[in-house]
Enquirer: 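One structure coming up, written as structure tokens, with questions to follow.
Keep in mind that what you see is a predicted model, and the values were worked out from it rather than measured. To find a chain, count down the sequence lines: A is the first, B the second, and so on, and within it residues start at 1.
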Amino acid sequence: MSDKPVYKRYTVTSALPYANGPIHIGHLAGVYVPADIYVRFLRMNDEDVIFIGGSDEHGVPITIKALQQGVTPQDIVDRYHGIIKKSFEDFGISFDIYSRTSGKTHHETASAFFRKMFEAGQFIEKVSEQYFDEATGQFLADRYITGTCPHCGFEKAYGDQCEKCGTTLNATDLIEPKSVLSGNQPVLRETRHWFLPLDQYEPWLREWILEGHKDDWKINVYGQCKSWIDQGLQPRAVTRDLDWGVKVPVAGADGKVLYVWFDAPIGYISATRELTADWEKYWKDPETKLVHFIGKDNIVFHCIIFPVMLKAEGSYILPENVPANEFLNLEGEKISTSRNWAVWLHEYLEDFPGKQDVLRYVLTSAAPETKDNDFTWKDFQTRNNSELVAILGNFVNRTIVLTHKYFEGRVPAAAALNDSDNLMLEEMRLFPGRIASSIQSYRFREALAEMMNLARLGNRYLTENEPWKVYTSDPVRVGTVLNLSLQICAQLSIVAEPFLPFSAAKIRHTLNLGSYKWADSTRLNWLPAGHPINEPELLFEKIDDGAIEAQVEKLLNTRKANEALQAKAPVKPGKEAIGFEDFSKMDIRAGTIVEAEKVAKTDKLLKLTIDTGLDRRTVVSGIAKFFNPADIIGRQVCILVNLAPRKLKGIESQGMILMAENPDGTLFFVTPGEGAVNGADVK
RNA sequence: UGCGCUGUAGAGCAGCGGUCAGCUCGGGGGGCUCAUAAUCCUCAGGUCACAGGUUCGAAUCCUGUCAGCGCUACCA
């Protein structure tokens, strides 16, 4: 960091949460808590810093959700924007502004941004054929088209991906495509779009990222960027045929909007404009340090695409760092908004009132900084009870209580210091620097642990000096010990501020202490002798098993509800009638599985060898989730033998095992029944 | 399929070529009693995912394998 330029101010952004659901602990741990720690720290250093957030409110999923619920997209985003904004405020995420991309300023800003690039010839225009729904008179986004997957025959595949077999699709690949809007078959129609030629920026990206940020970007971020650049960048469309979003501000672009990933990051700029008339210095002055806090899914957009946009536009600075975190799981499973598998911030705030700092603490100490991590309620409880309560809360409490007990709530004078005092003070002096250095290099977990070590130092100091024993013989010595212990509390109130702002304020109140800057944290003499302090109040309280069990119960209910929902899935509707000839074309035989093994690097596939009576052949079958290879060897099954061979993961599959499938996806073998010989004809 | 990140004591992490592999929580033992049965000291616990290789020396570098997660272009 030493040979880096010195910055005059900071622009800190945190990923714009998508306004189709509330905020959950994954968002917090990955993005908002670390960003908030960072900016609180900068503010304490008297840095000129703005902290930008806002809701990302465009994009197809929101229009789909609106359609499903029979309301407008604006209704959807209004609802979630409100919930999100309020929960951030209550939680103490200290945004300077929390804006939204459906706002007027944003539409103007994004529009102007596009126009400037457009006029400078920064886009490529391409005409292509896309599906158009004649009934509703609009082009269809890929997610608005369903049809039969050409790979697995699943009938509800989307235009971009088949959720059954996972294959990435083009809408035009679908067999019998249908419009989600009208149910009609859409027609292909020509449409014009604008593309950002990322490929042209490849040399520049190489220089800027691969050489310029080799050492200061996190390894996961750098690796991901390198991977993208090395694979070769392609032009990306920046417009869509949709009516929800920022209108494309170009003649002849009616019915088109900016694609959501193009407009969303511009939202950071729009929010800054709303915040201050002086916004340009935060975005265009090279002496401003721009930092994006994001999750790992957003790396490419913030490290490649948005920088290319900024570069192409020409007048903006580039991010100095993009500290992306990995993901947080919940009780061993991926957090999922749609499956309601989450701890929602607004619910947490209701269930645990006044405990913002507990969650901040747990999420910071278990932050997924280098790899995915797991949040469990048990861990939440343990960290609260045996760290926050036992180490930090207890130290402050015992110091305050002792001061009241022996000195009527006034800071006693420190007499002559002995070696142990001086040693302790020397250690104390080191903490602020260490914590600062960790925060500056985005190691918040480490910084927090260091802060806790200061409380540990305090506990050890008290225990070693035993004021409760010494008092009868040497009250003056006790005065010294408590004076120094109180100074530790004061220092804690300063260095804990970025992590635990609510508790830091509580300590300050108890100590009857004003606010201090980070630079004051090495002073060590904040409390003069005679200074009155307030009555002790507990910083943290124990969380009992009942509260934890209630939360776990809540999750179990969610899981049950999800399973019930799955089981309730309706039986598929019948297919259209076929003639006997069609049926008799199929050659189905009884056969026996003689070998079975898992196909490497797949979840679902088993490689089976089947004795069909006619021959022995290899069949690759997607049943690994339900059957172990060892359990099915020797089992008799029905097999379609005259199916054209197909390669799966490089293995040629010669036929298909007949399976019955429940609506929830559970599979069952279709068995010929006792006495059937291999090769028996099934008809 | 390709690429990226990750894999270290029961749990969460640090170390990333060279003193006995460290820290926090949990567990065992002891001390203290000011404190929310909290604190303090101490002990036990690891063939550093696996297999090869480079090196005087590897958790640390290289190759391969396995596992988790993500990305692979319209997904926010």
Enquirer: Using a heavy-atom cut-off of under 4.0 Å over every strand shown, decide if A:F540 touches base, sugar-phosphate, or nothing.
Expert: base

Enquirer: Taking atom P in both B:U24 and B:C41, what distance in whole Å separates the two?
Expert: 9 Å

Enquirer: Taking only the side-chain nitrogens and oxygens of A:S365, find out if one of them lies under 4.0 Å from OP1 or OP2 of B:C25.
Expert: no

Enquirer: Taking only side-chain N and O atoms of A:K378, does any of them lie within less than 4.0 angstrom of OP1 or OP2 on B:C25?
Expert: no

Enquirer: Would you mind telling me which residue lines up with the more 5' stretch of RNA chain B, A:D56 or A:L538, judged by nearest nucleotide?
Expert: A:L538

Enquirer: How far does the P atom of B:C43 sit from the matching atom of B:A21, given to the nearest Å?
Expert: 15 Å

Enquirer: What about A:F88 and A:Y98, are their ring centers closer than 6.0 Å?
Expert: yes

Enquirer: Give a yes/no answer on whether the side chain of A:R460 brings an N or O atom under 4.0 Å of OP1 or OP2 in B:C41.
Expert: yes

Enquirer: With a 4.0 Å cut-off, would you call A:E369 and A:K218 a salt bridge?
Expert: no

Enquirer: Hey, what's the ring geometry for A:F114 with A:W194, parallel, tilted or perpendicular (30° and 60° as the breaks)?
Expert: perpendicular

Enquirer: In whole angstrom, what separates A:L392's CG from B:C25's P?
Expert: 13 Å

Enquirer: Taking the P atom in each of B:U55 and B:C16, what is the distance between them to the nearest angstrom?
Expert: 24 Å

Enquirer: Can you confirm if the aromatic rings of A:Y268 and A:H302 lie within a centre distance of less than 6.0 Å?
Expert: yes

Enquirer: Write down the distance separating the C1' atoms in B:G30 and B:A11, rounded off to the nearest Å.
Expert: 25 Å

Enquirer: With side chain to side chain donor-acceptor pair (under 3.5 Å) as the test, pick out the partner of A:H81 among A:S55, A:S102, A:S99.
Expert: A:S55

Enquirer: Reading RNA chain B 5' to 3', what string of ( ), [ ], | and . shows its pairs, if Watson-Crick and G-U wobble pairs count only when both distances fall under 3.5 Å?
Expert: .(((((((.[[[[.)..(...]]]].((((.........)))).....[[[[[..)....]]]]])))))).....

Enquirer: Is any side-chain N of the basic residue among A:R100 and A:D56 closer than 4.0 Å to the acidic one's carboxylate O?
Expert: no

Enquirer: Under 4.0 Å, counting only non-hydrogen atoms across every strand here, what does A:L402 touch: a base, just sugar-phosphate, or nothing?
Expert: base

Enquirer: Side chains of A:S503 and A:D357: is there a donor and an acceptor less than 3.5 Å apart?
Expert: yes

Enquirer: Would you say a side-chain N or O of A:K218 is under 4.0 Å from OP1 or OP2 of B:U6?
Expert: no

Enquirer: Taking the P atom in each of B:G7 and B:U60, what is the distance between them to the nearest angstrom?
Expert: 11 Å

Enquirer: Distance check, P atoms only: B:G15 and B:C34, in whole angstrom units.
Expert: 42 Å

Enquirer: Are A:K296 and B:U6 close enough that a side-chain N or O sits under 4.0 Å from OP1 or OP2?
Expert: no

Enquirer: What interatomic distance, in whole Å, is found between P of B:C25 and the corresponding atom of B:A51?
Expert: 33 Å

Enquirer: I'd like the C1' distance from B:G17 over to B:C40, given in whole Å.
Expert: 38 Å

Enquirer: B:A35, OP1 or OP2 - any side-chain N/O from A:N459 closer than 4.0 Å?
Expert: no

Enquirer: Is there a side-chain contact between A:R456 and the phosphate of B:C25, meaning an N or O under 4.0 Å from OP1 or OP2?
Expert: yes

Enquirer: Give the ring-plane orientation class for A:F380 versus A:W377, where under 30° counts as parallel, over 60° as perpendicular and anything between as tilted.
Expert: perpendicular

Enquirer: Of all the nucleotides listed (B:A38, B:A14, B:C34), which has the minimum atom distance to the side chain of A:T370?
Expert: B:A14

Enquirer: Among the candidates B:C34, B:C5, B:U39, find the nucleotide nearest to the side-chain atoms of A:I391.
Expert: B:U39

Enquirer: If you assign each of A:R398 and A:Q234 to its closest nucleotide in RNA chain B, which residue comes earlier from the 5' end?
Expert: A:R398

Enquirer: What's the closest nucleotide to the side chain of A:R240 if the choices are B:U39, B:C74, B:C5?
Expert: B:C74

Enquirer: Assign B:G45 to syn or anti; the rule is syn for a glycosidic angle within 90° of 0 and anti otherwise.
Expert: syn

Enquirer: Looking at A:K542, does any N or O in its side chain come under 4.0 Å of the phosphate oxygens OP1/OP2 on B:A38?
Expert: yes

Enquirer: Of the nucleotides B:C34, B:U6, B:C74, which has the atom closest to the A:K405 side chain?
Expert: B:C34

